[in-house]
2 protein chains.
Amino acid sequence: MKNTSKNLADLFSEQHPRSYKKGQIIIRPDDTSNGIFYLEKGHVKSYSLTEQGEQKNHIIYKTGDIFPLIRSFIPTNRSVFFETIDNSTLKMMEKEYFFTTIKADAQILFEITKKIIEIMKTHIERLDGLEYTKANSRIIDYLLFLADHFGKRKGKKILIEVPITHKDIADSTAISRETVSREIEELKRKKLIGDKNKYILIKNIKKLERELKLQSDPKRL
Amino acid sequence: MKNTSKNLADLFSEQHPRSYKKGQIIIRPDDTSNGIFYLEKGHVKSYSLTEQGEQKNHIIYKTGDIFPLIRSFIPTNRSVFFETIDNSTLKMMEKEYFFTTIKADAQILFEITKKIIEIMKTHIERLDGLEYTKANSRIIDYLLFLADHFGKRKGKKILIEVPITHKDIADSTAISRETVSREIEELKRKKLIGDKNKYILIKNIKKLERELKLQSDPKRL
DNA sequence: CGATAGATTGATCACCTTCAACTGCCGTGG
DNA sequence: CCACGGCAGTTGAAGGTGATCAATCTATCG
């Protein structure tokens, strides 16, 4: 047993990696198993469903993140799904072992707390972005959010390296897919964004940020 | 120095209480001071502002909560305000002392982590509620959210014991104040909610939950 | 290669914002 | 203590934004 973990990767180093294909559900609301997952490679989205079966996307987890946090730490009504959107590699640890280990070591526990805070920050940014009342503002804000979290600089441009569909954007911003399609088209027409091998490319982030401010301004030309 | 803290109240027990009047801003984005606040009595709302100065409400903190979490744990762009909506009592601890103390004691650190998870859960519920596309669904979901977090059972009814205005609901759900006014009126007409000394009273929570499911159903009569 | 899911485009119309005018309420200062 | 100012709430009318429906097209995957 290794008690010298200094970070999350160390903590999970002894666990064997598990491969998941794109689109596999890792955790469902009714799951009785209670492992803690560490995402080594790929991306996982969390979401709930409406009565009509529409997805309401929460966030996208990436390398170094852990989940599920809420149901692991406190007893709660489970309503959230975790599903890969990539071919992904995860590691899993039994809840009991996880808690025994972290409760015994303030240092690793502090690292986990910082990771939790980081994931909470992501949720707050999403919450904040959803409070724009105009559809195009919510879309632009979400693109800026994705650029910040998954963007890789390519010169002056930013490539959003996460497989995201218009449907995902729609399910993340409370907008219909058709409207997302039209707004994205408009942003491409304005040369603010583009495509690059299946990923969204931000061509001019400064202008895109300016566009967000203009969109919410009722007094724009 | 007291090292026997078993919970948050203990941890802050040595700090002297500070009184704030309703409407006072405790933390602004540009604040350089970096204390951690423990809310002993009252309510504090967190929010950001749009370019046009509109409030985007995040959550309402209550007795036993601590803030600000994000800016205390990780370096970040500050854009969030914390403001009392009640006459409130808080305790404050210097950031350095706070971190020295919790890093030295896994037990109190674990208590704080659980509190953080609880506050994260609140944010996720808000995020999820904002993903309803219809205004009346978002309002009903928000009322159910308030009932769950601040409601006191009065027989079969639930009194939401937090001073909340229609403007607050509007700023929390990305809806105009006028529409909130009309929808609340409609819910009163249906006898689902009412008033009781300035607070919102949920008269029939089961029916209100059913109303939420109906609202989002396009095939309703 | 067929099936399924996502994307596109156009037309229609409902929902909700906006604007405006008015009322009510509360805290503050003279 | 009253008057005032400002913010919150109410109500009505009008117009725009974005949802919905439908038809077609494309991409992906077994």
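Letters go in sequence order (proteins before strands), and every chain restarts at 1.
- Across all strands shown, A/Ala174 has heavy atoms under 4.0 Å from sugar-phosphate atoms exclusively, and none from any base.
- Atom CD of B/Glu183 is separated from atom C1' of C/dA14 by 13 Å (rounded to the nearest Å).
- Taking atom CG on A/Asn87 and atom C1' on D/dC29, their separation rounds to 12 Å, with Å as the unit.
- The distance from atom CD1 of A/Ile117 to atom CD1 of B/Ile117, rounded to the nearest 0.5 Å, is 9.0 Å.
- When the salt bridge (Lys or Arg N to Asp or Glu O under 4.0 Å) test is applied to B/Asp86, no partner is found at least two apart in sequence or on another chain.
- Atom-to-atom, CD of B/Glu54 to C1' of D/dC7 comes out at 14 Å; the value is rounded to the nearest Å.
- Both B/Lys167 and A/Ala135 lie near DNA chain D, and the one whose nearest nucleotide falls closer to the 5' end is B/Lys167.
- Nucleic acid contact for A/Ser176: base, since at least one base atom lies under 4.0 Å from a heavy atom of the residue.
- Atom CZ of B/Arg189 and atom P of D/dT10 are 16 Å apart (whole Å).
- Qualifying side-chain hydrogen bond (donor to acceptor under 3.5 Å, both in side chains) partners for B/Arg126, counting only residues two or more places apart in sequence or in other chains: A/Glu131.
- Between B/Glu186 atom CD and D/dG9 atom P the separation is 19 Å, expressed in whole Å.
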Between protein and nucleic acid, restricted to nucleotides 24-30 of chain C and to nitrogen or oxygen atoms under 3.5 Å apart, what atom pairs and distances do you find?
unit_1	atom_1	unit_2	atom_2	d
C/dC26	OP1	B/Lys198	NZ	2.7

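- One atom, NZ of A/Lys134, and another, P of C/dC15, lie 18 Å apart when rounded to the nearest Å.
- Straight-line distance from the OH atom of B/Tyr132 to the P atom of C/dC16: 15 Å, rounded to whole Å.
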Which donor-acceptor pairs under 3.5 Å do side chains of residues 161-168 of chain B form with protein atoms, sequence neighbours excluded?
unit_1	atom_1	unit_2	atom_2	d
B/Thr165	OG1	B/Lys167	N	3.4
B/Thr165	OG1	B/Asp168	N	2.9
B/Thr165	OG1	B/Asp168	OD2	3.1
B/Lys167	NZ	B/Asp171	OD2	2.7
B/Asp168	OD1	B/Lys45	NZ	3.1
B/Asp168	OD2	B/Thr165	N	3.2

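- With the end axes of the helix from C/dC1-D/dG30 to C/dG30-D/dC1 each set by five pairs, the angle from one to the other reads 60° at 10° resolution.
- Closest of all the heavy-atom pairs between A/Gly42 and A/Ser88 is CA-OG, 3.5 Å.
- DNA chain D is contacted by both B/Thr165 and A/Thr133; B/Thr165 maps to the nucleotide lying nearer its 5′ end (nearest heavy atom per residue).
- Ring geometry, B/Phe150 versus B/His43: the interplanar angle exceeds 60°, so the pair is classed perpendicular (tilted spans 30 to 60°).
- Using bins of under 30°, 30° to 60° and over 60° for the plane-to-plane angle, the ring pair A/Phe73/A/Phe98 lands in the perpendicular bin.
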Which pairs, protein N/O on one side and nucleotides 8-10 of chain C N/O on the other, fall under 3.5 Å?
unit_1	atom_1	unit_2	atom_2	d
C/dT8	OP2	A/His166	ND1	3.0
C/dT8	OP2	A/Ser181	OG	2.8
C/dG10	N7	A/Arg182	NH1	3.0

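- If you check C/dT17, D/dA8, D/dA19 against the side chain of A/Ile175, the one that comes closest is D/dA19.
- Ion pairing of B/Arg78 with B/Asp30 is absent here, as no side-chain N (NZ or NE/NH1/NH2) approaches a carboxylate O to less than 4.0 Å.
- Distance CG (A/Asp171) to C1' (C/dG6): 11 Å, rounded to an integer number of Å.
- Using bins of under 30°, 30° to 60° and over 60° for the plane-to-plane angle, the ring pair A/His149/A/Phe145 lands in the tilted bin.
- In this structure, B/Phe37 and B/Phe67 have parallel ring planes: the angle between them is below the 30° cut-off, well short of the 60° mark.
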**Request:** Determine, step by step, whether A/Lys188 and A/Glu185 satisfy the salt bridge (Lys or Arg N to Asp or Glu O under 4.0 Å) criterion, reporting the C-alpha distance in whole Å, the side-chain angles of both residues, the deciding distance to 0.1 Å, and the verdict.
**Result:** CA-CA 5 Å; A/Lys188 282 181 183 168; A/Glu185 184 56 38; 5.2 Å; no
**Asked** Checking salt bridge (Lys or Arg N to Asp or Glu O under 4.0 Å) for the pair B/Lys207/B/Glu211: CA distance, chi angles, key distance, verdict?
**Response** CA-CA 6 Å; B/Lys207 272 195 186 168; B/Glu211 186 75 7; over 6 Å; no
